[in-house]
Amino acid sequence: MTQTIDYGNLMHQAMRSLIQNVLLDVAAKGLPGAHHFFITFDTMHPDVEIADWLSDRYPGEMTVVIQHWFDNLDVTDDGFTITLNFGDNPETLYIPYDAIKTFVDPSVEFGLRFETQDDDTEAPLVEVEEAPMDEMVEPDDDSVEERKEAEVVSLDQFRK
């Protein structure tokens, strides 16, 4: 039996821990400067909790924007709860870190992308690459700033 270090899962854990630490800081102090986040997540993940009308509107995945108005940000070891405004409709969402597909802070051109391969025997592919921001879906918000591209580093070159 060959034993290997599961770098893919270790990177996923580290990147999710980074997101948790950033959100804990935002929960305690608010968003600093021009920072804001686009978080894309799997709406079909079994632990995601969103309103039925949101899961109907976004079957599969959804991107939320944490920028001008948010409330009740509660960050735990497994995920976070936040209240966001969708067209003057405040909705509370619970997003587990395992459901997150991308985390982007365009104000500093930073982005993380979580991808898994179809073959479950392989470690998940962790990819951080340059990705255009215009591929993301967001709630209605006329004040979202012009999108920038995020610098991302591909970790695929370290896989066998």
Side-chain angles (χ1 to χ4, degrees), residues 7-45 47-51 54-55 57-58 60-116 124-158:
Y7 287 108
N9 278 327
L10 290 171
M11 283 300 300
H12 274 215
Q13 290 171 5
M15 291 174 8
R16 287 185 173 109
S17 178
L18 179 147
I19 293 170
Q20 178 184 9
N21 288 333
V22 167
L23 293 176
L24 281 168
D25 195 53
V26 169
K29 303 174 189 171
L31 278 167
H35 288 277
H36 58 287
F37 312 127
F38 293 94
I39 301 174
T40 302
F41 64 97
D42 177 2
T43 58
M44 302 308 289
H45 186 284
D47 297 326
V48 164
E49 297 175 16
I50 60 175
L54 284 173
S55 60
R57 185 171 177 185
Y58 301 101
E61 74 178 35
M62 175 180 177
T63 298
V64 293
V65 179
I66 301 176
Q67 185 173 17
H68 297 294
W69 187 93
F70 61 91
D71 201 10
N72 304 319
L73 178 57
D74 182 29
V75 182
T76 68
D77 287 341
D78 298 317
F80 64 98
T81 302
I82 190 167
T83 301
L84 296 172
N85 196 12
F86 296 89
D88 292 328
N89 258 345
E91 292 287 351
T92 300
L93 300 85
Y94 173 72
I95 303 170
Y97 303 120
D98 286 345
I100 295 175
K101 293 182 170 191
T102 63
F103 176 92
V104 178
D105 182 346
S107 71
V108 292
E109 299 182 9
F110 175 80
L112 299 173
R113 177 179 297 161
F114 298 88
E115 293 186 12
T116 57
L125 171 63
V126 179
E127 186 175 307
V128 184
E129 65 178 35
E130 201 162 312
M133 296 293 297
D134 60 355
E135 294 176 4
M136 297 193 174
V137 178
E138 63 193 53
D140 298 331
D141 185 351
D142 294 334
S143 59
V144 173
E145 294 177 15
E146 183 177 324
R147 295 178 178 179
K148 299 178 183 178
E149 291 193 12
E151 180 178 339
V152 187
V153 179
S154 177
L155 300 176
D156 193 35
Q157 63 191 353
F158 299 106

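- In terms of heavy atoms, Met15 sits closest to Arg113 at CE-O, 4.0 Å.
- Listed by chain and number, the residues in a side-chain hydrogen bond (donor to acceptor under 3.5 Å, both in side chains) with Asn72 are Thr83 (sequence neighbours excluded).
- Here the closest non-hydrogen pair linking Ile100 and Phe80 is CD1-CE2, 4.2 Å.
- We find the NE2-CG distance between His12 and Leu112 to be 10.0 Å, quoted to the nearest 0.5 Å.
- Side-chain contact check for Tyr97 versus Asp47: every heavy-atom pair is 4.5 Å or farther apart.
- Considering only residues two or more places apart in sequence or on other chains, His45 meets the side-chain hydrogen bond (donor to acceptor under 3.5 Å, both in side chains) condition with none of them.
- Remark: Phe37 engages Phe103 in a ring pair (Phe, Tyr, Trp, His ring centres under 6.0 Å) (not counting sequence neighbours).
- When all heavy atoms of Asp42 and Gly60 are compared, the closest pair comes out as OD1-O, 3.0 Å.
- Side-chain contact between Ile50 and Ser55: present, with at least one pair of heavy atoms (C-beta onward) separated by less than 4.5 Å.
- Ile95 contributes atom CD1, which lies 4.0 Å from atom CZ of Phe41 (distance to the nearest 0.5 angstrom).
- Put simply, CG on Leu93 and CD1 on Ile82 are 8.0 Å apart, with the number rounded to the nearest 0.5 Å.
- Judged as a salt bridge (Lys or Arg N to Asp or Glu O under 4.0 Å), and not counting sequence neighbours, the contacts of Asp98 are Arg16.
- A pairwise comparison of heavy atoms in Ser107 and Ala34 identifies CB-O, 3.2 Å as the closest pair.
- Listed by chain and residue number, Trp53 satisfy the side-chain hydrogen bond (donor to acceptor under 3.5 Å, both in side chains) test with Glu91 (two or more places apart in sequence, or in another chain).
- For residues 31-41, there are no salt bridge (charged side-chain N to carboxylate O under 4.0 Å, His left out) pairs, not counting sequence neighbours.
- Nearest heavy atoms, Val48 versus Ala99: CG2-CB, 3.7 Å.
- Each of Val64, Ile66, Val65 was evaluated against Phe38; a single residue qualifies, Val65, per the side-chain contact (heavy atoms from CB on, under 4.5 Å) test.
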Report, one line per pair, each donor and acceptor closer than 3.5 Å where one atom sits in a side chain of residues 17-27; sequence neighbours left out.
from	atom 1	to	atom 2	distance (Å)
Gln20	NE2	Thr76	O	3.2
Gln20	NE2	Asp77	OD1	3.0
Asn21	ND2	Ser17	O	3.3
Asp25	OD1	Lys29	NZ	3.0

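- Without hydrogens or angle criteria, Thr102 side chain to Ile39 main chain gives no donor-acceptor distance under 3.5 Å.
- Rounding to the nearest 0.5 Å places OG1 of Thr40 at 11.0 Å from OH of Tyr58.
- Here Phe86 contributes atom CZ and Arg57 contributes atom CZ; the two are 9.0 Å apart, rounded to the nearest 0.5 Å.
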